[in-house]
Amino acid sequence: MQGYLSIGVFIDGGYYAKVNRALKGIENSIIRVRSLFDFISTRLAKSEGVDPSDCQITEAHYFRGRYRVKDAYDKHLLYNERRFEDTLIENDVIFHYKHLREVEKDGQVQVIEKGIDVWFALEAYELATFRKFDYVVLITGDADHEMLIRKLKALKTKTVLLTWNLTDVDATSPLLKEEAGHHWELSHILEENPSLKKGLLYKLKELPGDHGEGLF
């Protein structure tokens, strides 16, 4: 048992967006950022035997590729992007963006997101080194972050992998789960606690002209 717990949260924006798209398709809902953060701090406080007021997320970072403004406007993404950024700002989340680019290959347009995973890993490791977090929570399912978790463990930083698998396609990498000291799979947690799900989700109201693309 310790007196105060400092938590750093790092969100893989591409993964987070996939979860929200799946939730929108299944339940017309998305994740409430504040409720998710409260869940993280409350669960860690309980596991460590400290008062929830002494278990705080001291930093939260969000990493994502996004289109340049003209492309985002043409694709009807600007409103949703700005609305989500407002949510991040309200919850003191620092966002990190790199531009996406589109490449045509074999008659199909592919979206290229380059460097985000590396930036995510470097920032998480550097901040864990200097901030001395008691816990780092990684919201991702990407196998590329296996080495990040290994490096965090070498710093003796407790690491939580938080995932929400809603389809088989988005299943978390087994290597990532094996490496993580703690793995919280929300689909399993919410099965055991249905009331928690209601608090974690925000029911969407469709707005005129809201295409729902690139949502949150």
Is any side-chain heavy atom of Y16 closer than 4.5 Å to one of R64? no

Apart from I94 itself, which Ile, Leu, Val, Met, Phe, Trp or Tyr residues share its cluster (side-chain heavy atoms under 4.5 Å, direct or through members)? none

For residues E81 and A72, report the shortest heavy-atom separation together with the two atoms involved. OE1-CB, 4.1 Å

Decide yes or no for I30 and F84: does some side-chain heavy atom of the first lie under 4.5 Å from some side-chain heavy atom of the second? no

Suppose we call two aromatic rings close when their centres sit under 6.0 Å apart. Are F39 and W184 close by that rule? yes

I'd like to know if I116 and I149 are part of one continuous hydrophobic network [Ile/Leu/Val/Met/Phe/Trp/Tyr, side-chain heavy atoms within less than 4.5 Å]. yes

Pair E48, Y135: side-chain N/O donor-acceptor within cut-off below 3.5 Å: yes

The side-chain contact (heavy atoms from CB on, under 4.5 Å) partner of V9 among V160, N91, I139 is I139

With hydrophobic residues grouped by side-chain heavy-atom distances under 4.5 Å, do I40 and V136 end up in a single group? no

Among I31, L166, L204, which one satisfies side-chain contact (heavy atoms from CB on, under 4.5 Å) with N20? I31

Is there a donor-acceptor pair closer than 3.5 Å between any side-chain N or O of S53 and the backbone N or O of D51? no

Should D71 and K75 count as an ion pair when the cut-off is N to O under 4.0 Å? no

Counterpart residues, side chain to side chain donor-acceptor pair (under 3.5 Å), relative to T58 (two or more places apart): S6

Nearest-0.5 Å distance that lies between atom CG in L148 and atom CD in E123: 11.5 Å

Just jot down the ring-ring contact (aromatic ring centres under 6.0 Å, His included) partners of F95, sequence neighbours excluded, or say none. Y97

Just wondering, are more than 12 heavy atoms of other shown residues or ligands nearer than 6.0 Å to NZ in K153? yes

Treat each ILVMFWY residue as a node, draw an edge where side-chain heavy atoms are under 4.5 Å apart, and state whether L152 and F133 are in one component. yes

Taking the ring centre of each residue, are H145 and F120 less than 6.0 Å apart? yes

Over 12 non-hydrogen atoms of neighbours within 6.0 angstrom of NZ in K177: yes

Please go through L122's hydrophobic cluster and name the other residues, only I, L, V, M, F, W, Y counting, with side-chain heavy atoms under 4.5 Å joining them. V118

Indicate yes or no: at least one non-hydrogen side-chain atom of R43 is less than 4.5 angstrom from one of I189. yes

Applying salt bridge (Lys or Arg N to Asp or Glu O under 4.0 Å) to E85 and R66, what does each step give before you reach the verdict? CA-CA 12 Å; E85 285 173 5; R66 76 172 183 182; 2.3 Å; yes

Less than 4.5 Å apart, any side-chain heavy atom of F37 and any of I7? no

What pair of heavy atoms forms the shortest contact from T157 to A128, and how long is it? OG1-CB, 4.5 Å

Check whether any side-chain heavy atom of L161 lies under 4.5 Å from a side-chain heavy atom of T163, and answer yes or no. yes

Can you tell me if S35 uses its side chain to pair, donor with acceptor, with the backbone of G199 under 3.5 Å? yes

Going by the rule side chain to side chain donor-acceptor pair (under 3.5 Å), which residues pair with R82 if we only count those two or more places apart in sequence or in a different chain? none

D54 side-chain N/O to V50 backbone N/O, donor-acceptor pair under 3.5 Å: no

Between R32 and L201 (side chain of the first, backbone of the second, donor and acceptor by atom type, cut-off under 3.5 Å), is there such a pair? yes

hydrophobic_cluster_shared for V33 and Y62, side chain cutoff 4.5 Å: yes

For D117 and D144, indicate whether the former's side chain and the latter's backbone hold a donor-acceptor pair under 3.5 Å. no

Compare all side-chain heavy atoms of W119 with those of H96 and state whether any distance is below 4.5 angstrom. yes

Other residues, nucleotides, ligands: >12 heavy atoms within 6.0 Å of K203 NZ: yes

Between E192 and K197, does any NZ, NE, NH1 or NH2 come within less than 4.0 Å of an OD or OE carboxylate oxygen? no

Side-chain touch L36/L186, heavy atoms, less than 4.5 angstrom: yes

Using the rule that two of Ile, Leu, Val, Met, Phe, Trp, Tyr join whenever any of their side-chain heavy atoms come within less than 4.5 Å, decide whether L100 and V69 are in one cluster. no

Answer with yes or no after comparing the ring centroid distance for Y79 and Y73 against a 6.0 Å cut-off, counting only values under it. no

Have D142 and T140 got a donor and an acceptor in their side chains that come within less than 3.5 Å? no

Hydrogens and angles aside, do H182 and T159 bring a side-chain donor and acceptor to less than 3.5 Å of each other? no

D38 and S41: which non-hydrogen atoms are nearest, and at how many Å? O-OG, 3.2 Å

The criterion is side chain to side chain donor-acceptor pair (under 3.5 Å); which residues satisfy it with E59, sequence neighbours excluded? H61, R131

Treating E185 as the side-chain partner and S187 as the backbone partner, does any N or O pair qualify as donor plus acceptor under 3.5 Å? yes

For the atom pair NZ (K46) and CG (L44), what is the distance rounded to the nearest 0.5 Å? 12.5 Å

